[in-house]
Peer 1: 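Provided herewith is a single structure, encoded as C-alpha cells, for subsequent inquiry.
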Amino acid sequence: EIKFYSMDLKAKRVLLTGGTGFIGRNLISMLKEEGAVILNISRGKKIEGVINIEADLTKTDFSFLDNEHIDYAVHLAAFSSPKRSKDIEKVNELNVDSTVRLFSKLKNKQLKKAIFMSSIVVYEGSPHPLSENFPLENNPSLYAKSKIEAERNLNALLPDNFPLIT
C-alpha cells in the first residue's frame with residue numbers, strides 16, 4: 001500500500017534540478033498544485049509557471065543561490081540511465097562533481113529537507129523488496145558507480161543534522 005503524506009507547501013520555495021526530465025515534470029505539476037514557488041535550474045529550457053534559473057550544472061559554482069531563500073531542494077539532474085552514461089568524464093562531472101558543488105552551497109542554508117535522487121541500479125538484484133540496507137551492486141555500471149560515489153561524497157560533506165534524504 002502506498003501512503004501519501006501531505007505537506008503545506010503554499011508559498012514554500014522549492015529548488016529543483018532536473019525539472020525537464022520525467023520525474024521533474026511530474027514533481028513540478030504536483031508542487032504547483034500545492035502552491036509552492038519553484039526555482040528550476042536548467043541549461044535553458046524554460047518551464048511555464050516556475051522561476052527558471054539558466055545554468056549549466058557542470059560549470060557553475062551555484063553562487064546565484066547565495067541570496068535565495070530556499071525551503072526545500074530536490075536534486076534530480078543526472079545522466080539518467082546506464083544507456084546514456086557512456087563517457088566517464090561527463091558522467092562524473094554531472095552526477096558527482098556538480099552534486100557535491102550544489103550541496104556544498106546548500107549545506108549552509110536553513111533547509112527543511114533536501115532530496116538527492118539516487119537509483120535502484122546501485123543495489124544488487126533481488127526478487128525481494130529492497131531496503132536502504134540492501135547490499136550495493138558488486139559490479140556496478142558507470143551510472144551506478146557515479147550515484148554511489150555522489151552519495152558517499154554527500155555523506156562525508158554534510159553535517160549529521162543536515163536534512164538529506166537519499
Peer 1: For a quick test of reading the model, state the closest non-hydrogen atom pair linking Thr99 to Ala150 and the distance between them.
Peer 2: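 Minimum heavy-atom contact is CG2-CB, 4.3 Å.
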
Peer 1: With rounding to the nearest 0.5 Å, note down the distance linking CD in Glu89 to CG in Asp97.
Peer 2: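 The distance works out to 9.5 Å.
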
Peer 1: Please check if the number of heavy atoms outside Leu157 that lie under 6.0 Å from its CG is greater than 12.
Peer 2: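 Correct, the count exceeds 12.
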
Peer 1: Show every salt bridge (Lys or Arg N to Asp or Glu O under 4.0 Å) that has at least one partner inside residues 60-69, sequence neighbours left out.
Peer 2: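 Residue pairs with at least one partner in residues 60-69: Arg13-Glu68, Asp66-Lys105.
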
Peer 1: Are any non-hydrogen side-chain atoms of Ile38 and Lys32 less than 4.5 angstrom apart?
Peer 2: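 Yes, at least one pair of side-chain atoms sits under 4.5 Å.
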
Peer 1: Once salt bridge (charged side-chain N to carboxylate O under 4.0 Å, His left out) is applied, do any residues pair with Lys45, and if so which ones, sequence neighbours excluded?
Peer 2: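 With sequence neighbours excluded, Lys45 shows a salt bridge (charged side-chain N to carboxylate O under 4.0 Å, His left out) to no residue whatsoever.
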
Peer 1: What are the two closest heavy atoms between Glu151 and Thr166, and how far apart are they?
Peer 2: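 What the structure gives for the nearest pair is OE2-OG1, 2.9 Å.
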
Peer 1: Between Thr17 (side chain) and Leu76 (backbone), is there a donor-acceptor pair under 3.5 Å?
Peer 2: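 Between the backbone of Leu76 and the side chain of Thr17 there is a qualifying donor-acceptor contact (under 3.5 Å).
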
Peer 1: For the pair Val14 and Leu39, evaluate side-chain contact (heavy atoms from CB on, under 4.5 Å) and give the outcome as yes or no after the intermediate values.
Peer 2: CA-CA 6 Å; Val14 180; Leu39 297 85; over 6 Å; no

Peer 1: I'd like to know if the side chain of Asn26 and the backbone of Ile28 have a donor-acceptor N/O pair within less than 3.5 Å.
Peer 2: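 Between the backbone of Ile28 and the side chain of Asn26 there is no qualifying donor-acceptor contact (under 3.5 Å).
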
Peer 1: Could you check Glu54 against Lys46 for side-chain contact (heavy atoms from CB on, under 4.5 Å), going step by step and ending with a plain yes or no?
Peer 2: CA-CA 8 Å; Glu54 188 171 340; Lys46 304 276 189 248; 3.6 Å; yes

Peer 1: Does Arg25 have more than 12 heavy atoms from other residues, nucleotides or ligands lying within 6.0 Å of its CZ?
Peer 2: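 Yes.
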
Peer 1: Under a 4.5 Å side-chain heavy-atom rule over Ile, Leu, Val, Met, Phe, Trp and Tyr, are Leu102 and Phe116 clustered together?
Peer 2: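 Yes, Leu102 connects to Phe116 through the hydrophobic network.
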
Peer 1: Work out which heavy atom in Phe62 is nearest to a heavy atom in Thr60; give both atom names and the distance.
Peer 2: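 Where Phe62 meets Thr60 most closely, the heavy atoms are N-OG1, 3.0 Å.
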
Peer 1: Using side-chain contact (heavy atoms from CB on, under 4.5 Å), reason through Val74 and Met117 one step at a time and then give a plain yes or no.
Peer 2: CA-CA 8 Å; Val74 183; Met117 185 64 72; 5.8 Å; no

Peer 1: Examine distances only and state if a side-chain atom of Asn95 and a backbone atom of Phe79 form a donor-acceptor pair shorter than 3.5 Å.
Peer 2: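 Answer holds: yes.
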
Peer 1: Donor-acceptor check, side chain of Ser104 to backbone of Val100, threshold 3.5 angstrom: yes or no?
Peer 2: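 Flag set: sc Ser104 to bb Val100 pair under 3.5 Å.
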
Peer 1: Applying salt bridge (Lys or Arg N to Asp or Glu O under 4.0 Å), which residue pairs with at least one partner in residues 140-149 are found, sequence neighbours left out?
Peer 2: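 Pairs touching residues 140-149 that pass the test: none.
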
Peer 1: Which distance, rounded to the nearest 0.5 Å, do you find between the CZ of Phe162 and the CG of Leu111?
Peer 2: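 One finds 5.0 Å between CZ of Phe162 and CG of Leu111.
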
Peer 1: Could you give the distance from OG (Ser29) to CD (Glu34), rounded to the nearest 0.5 Å?
Peer 2: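 Spacing of OG (Ser29) from CD (Glu34) equals 10.5 Å.
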
Peer 1: Who are the salt bridge (charged side-chain N to carboxylate O under 4.0 Å, His left out) partners of Asp71, not counting sequence neighbours?
Peer 2: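 Partners of Asp71 under the salt bridge (charged side-chain N to carboxylate O under 4.0 Å, His left out) test: Lys112.
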
Peer 1: Starting at OG of Ser118, measure out to CD1 of Ile165 and round the result to the nearest 0.5 Å.
Peer 2: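 CD1 of Ile165 is found 13.5 Å from OG of Ser118.
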
Peer 1: Please check if the number of heavy atoms outside Ile88 that lie under 6.0 Å from its CD1 is greater than 12.
Peer 2: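 No - once you tally the heavy atoms of other residues, nucleotides and ligands closer than 6.0 Å, there are 12 at most.
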
Peer 1: Verify side-chain contact (heavy atoms from CB on, under 4.5 Å) between Leu15 and Asn40, making sure each step is shown before the conclusion.
Peer 2: CA-CA 6 Å; Leu15 177 70; Asn40 182 62; over 6 Å; no

Peer 1: Cluster question for you: counting only ILVMFWY and a side-chain heavy-atom cut-off of under 4.5 Å, with indirect links fine, are Val37 and Ile53 together?
Peer 2: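 Same cluster: Val37 reaches Ile53 through Ile, Leu, Val, Met, Phe, Trp or Tyr contacts under 4.5 Å.
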
Peer 1: Could you list all the side chain to side chain donor-acceptor pair (under 3.5 Å) pairs where at least one residue sits in residues 152-161, not counting sequence neighbours?
Peer 2: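 Residue pairs with at least one partner in residues 152-161: there are none.
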
Peer 1: Please list, chain by chain and in numerical order, all residues satisfying side-chain hydrogen bond (donor to acceptor under 3.5 Å, both in side chains) with Ser98, sequence neighbours excluded.
Peer 2: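 side-chain hydrogen bond (donor to acceptor under 3.5 Å, both in side chains) check on Ser98 returns nothing, list empty.
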
Peer 1: Taking NZ, NE, NH1 and NH2 as the nitrogens, is one of them in Glu93 or Lys59 under 4.0 Å from a carboxylate oxygen of the other?
Peer 2: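 Not counted as a salt bridge, because no side-chain N and carboxylate O are separated by less than 4.0 Å.
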
